[in-house]
Amino acid sequence: MNESQKPDPSRQTSSGQADPAPSTHTEGDYMVGDKVGGDKFEGDKITFNINYPAPNQPAADPETQESVRVYEHGRYNLASQFVGRKKELQELDDWQADASRPMFVIVALGGTGKSALTWHWLETVKARAEQPFKLIIWHGFYETGQVDTFLTDVLQFLGEKPQELGSKRVQLNRLLERLAAVPALIVLDGAERLLRAYSGMNAAYQGDEEQQVQRALECVDPVAGELLLGLSQLTNGSKTLMTTRLMPQELLGRGNRLPSRIGRRDLTGLDPDDAVRFFSEWGIQTTPAEVKVVCEPLEYHPFCMALLAGTAAHDFVAPNDLRRGQLRPHPRPAGPAAAYLAARLRASG
C-alpha cells in the first residue's frame, strides 16, 4: 500500500480502519453487487431500484423481475475493506430471521463503528439474491437530528404529499400505515440526535456519559418517540435497525427494561485477532503480541486504533512501528480535550 492509498484516520469504519475519501457518484446507474438500478439524486439523498429475478425465471427477462425500492439519506461512505465483527453480523442475520423482534438497537460510544457495521450489513442484505424486503430505507440523523425530515422525505419517496396531510402526527400515522402494508427494512443511524441529551448544535462533540436524568433520554419531539415505538410494533415482516449512543426512553418498558420484541447489542472493541488483520489493511505488519501490548490499554476501540495506525503508517523515523506510536510522549491534554477524554474514561470505567 503506497502513501496515496493509505486511509485517512479522520474517517473511520466499524472495523477500526479509516475510511478513504468519500466516493463520488454521477447521474446514471448505481451498482449494488451485480444488481443495477437507476439513481435519482436530490441533495444528499439517493433513491434507486434494485431488480431481482423472480424465482425459477431467467435473470435477463425484465417482465418477471421484482423490484426493491431503496432510499438513502446521509449515506455512509464505508471503506471497501471491512475487518471483523463476524459475531455481530451473524447476530443481525439471526435478528432478521426472527419474526418476533421487529426492532434491533446497536448502542455504543462514539467512534466504536456503529454506522459502519450497520452499513456493511445493509449492503450484504441488498446484494442477496433472495430478498425478503420490498422497501429499504437508510436515514442518518447526524445532519439534522429532526424527525420532520425523515417523515417528509420518506413520504415523498413513497408518492405521498406530506404538506397536504397536515400535522406531523398525521404524517406519522400515514407513514406507519404504508410501512405496515409492505415488508420494509428501515435503518435509523445516529438516533441519539433525536434525544434531549444530544440535540444541541455541539452534539457531535459531547462526551458519552449516560446521564441519569430520565428526561435526557427522551426524544425532544414527542412525534419522534411515537415513530420509534410504532416501528417497534410492526408485525408484517418489516424490520427496523437503529444505532444510537443512548437507548431512547420511549422504547423502555416497565422497570426501564426493553420489551422482548426489541433486540439490543452493546458494541465494544474489536476482537484481538481482528485487530491484527486491521493493521494489516494499513500495510502494517505486526504480531499478535505487539497488537496486544498497544491495543489492550485502548480496549481495542476502533477509532483509537485508527489514530494509532495512521500515526505509525506515516512515521518518517520508524514507519509501521506500533510500539513507537504508542510510546511517543504527548503533551497532557487540557481544556475541552481533557474534559472529553475524562468523560470517556468515566463512561468506560
Side-chain angles (χ1 to χ4, degrees), residues 1-3 5-20 78-93 106-121 207-210 243 245 264-333 337-349:
M1 180 182 293
N2 58 40
E3 290 297 323
Q5 293 174 316
K6 288 179 179 176
D8 181 349
S10 66
R11 293 185 294 271
Q12 137 281 337
T13 70
S14 77
S15 58
Q17 69 266 33
D19 200 359
L78 179 64
S80 58
Q81 62 268 40
F82 186 88
V83 177
R85 302 297 192 190
K86 290 184 179 180
K87 292 185 295 185
E88 291 84 354
L89 292 170
Q90 183 60 55
E91 186 173 17
L92 290 175
D93 286 340
I106 299 177
V107 183
L109 303 174
T112 310
K114 304 179 295 295
S115 300
L117 168 65
T118 305
W119 180 267
H120 178 76
W121 179 77
D208 293 290
E209 287 183 294
E210 186 161 340
T243 71
R245 292 187 180 190
R264 171 171 177 164
R265 158 63 64 176
D266 291 286
L267 196 64
T268 57
L270 286 177
D271 288 336
D273 291 340
D274 293 329
V276 177
R277 291 180 52 213
F278 159 73
F279 287 113
S280 178
E281 293 290 347
W282 280 78
I284 300 174
Q285 300 304 315
T286 185
T287 66
E290 290 178 341
V291 170
K292 180 179 181 180
V293 169
V294 298
C295 293
E296 203 169 58
L298 303 175
E299 297 182 354
Y300 295 91
H301 187 273
F303 185 67
C304 294
M305 290 170 57
L307 294 176
L308 176 61
T311 301
H314 297 283
D315 192 302
F316 293 103
V317 178
N320 300 336
D321 188 341
L322 288 182
R323 290 171 297 182
R324 175 179 168 82
Q326 179 212 23
L327 297 175
R328 183 182 296 119
H330 294 280
R332 184 178 181 85
Y340 176 77
L341 291 175
R344 288 234 165 176
L345 289 172
R346 289 195 298 272
S348 62

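All heavy atoms count here, side chains included; hydrogens, waters and symmetry mates do not.
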Inset, instruction - Start with the C-alpha gap between Asp274 and Phe278, add the side-chain angles, then the distance that decides, and say whether side-chain contact (heavy atoms from CB on, under 4.5 Å) holds. - result: CA-CA 6 Å; Asp274 293 329; Phe278 159 73; over 6 Å; no
Can you see which heavy atom on [X] is nearest to which on [Y], and at what distance?
| X | Y | value |
| --- | --- | --- |
| Pro302 | Arg85 | CG-NH2, 3.6 Å |
| Gly84 | Arg277 | N-NH1, 3.8 Å |
| Gln285 | Ser280 | NE2-OG, 4.1 Å |
| Trp282 | Gly310 | CZ3-CA, 3.5 Å |
| Thr112 | Thr268 | CG2-O, 3.4 Å |

Taking the side chain as everything from C-beta on, heavy atoms only, tell me whether [X] gets closer than 4.5 Å to [Y].
| X | Y | answer |
| --- | --- | --- |
| Gln90 | Asp93 | yes |
| Glu88 | Leu267 | yes |
| Lys292 | Pro272 | no |

Inset, instruction - Inspect the contact between Glu91 and Arg265 and indicate whether a charged nitrogen and a carboxylate oxygen are less than 4.0 angstrom apart. - result: yes
Legend entry - Gap separating the CD1 atom of Ile284 from the CG atom of Leu308, nearest 0.5 angstrom: 7.0 Å
Inset, instruction - Enter the distance from Thr118:OG1 to Ile106:CD1 here, rounded to the nearest 0.5 Å. - result: 4.0 Å
Inset, instruction - Might you work through the side-chain contact (heavy atoms from CB on, under 4.5 Å) test for Leu89 and His120, ending with a clear yes or no? - result: CA-CA 9 Å; Leu89 292 170; His120 178 76; 3.9 Å; yes
Inset, instruction - Would you confirm whether Lys114, through its side chain, and Leu109, through its main-chain N or O, come within 3.5 Å as a donor-acceptor pair? - result: yes
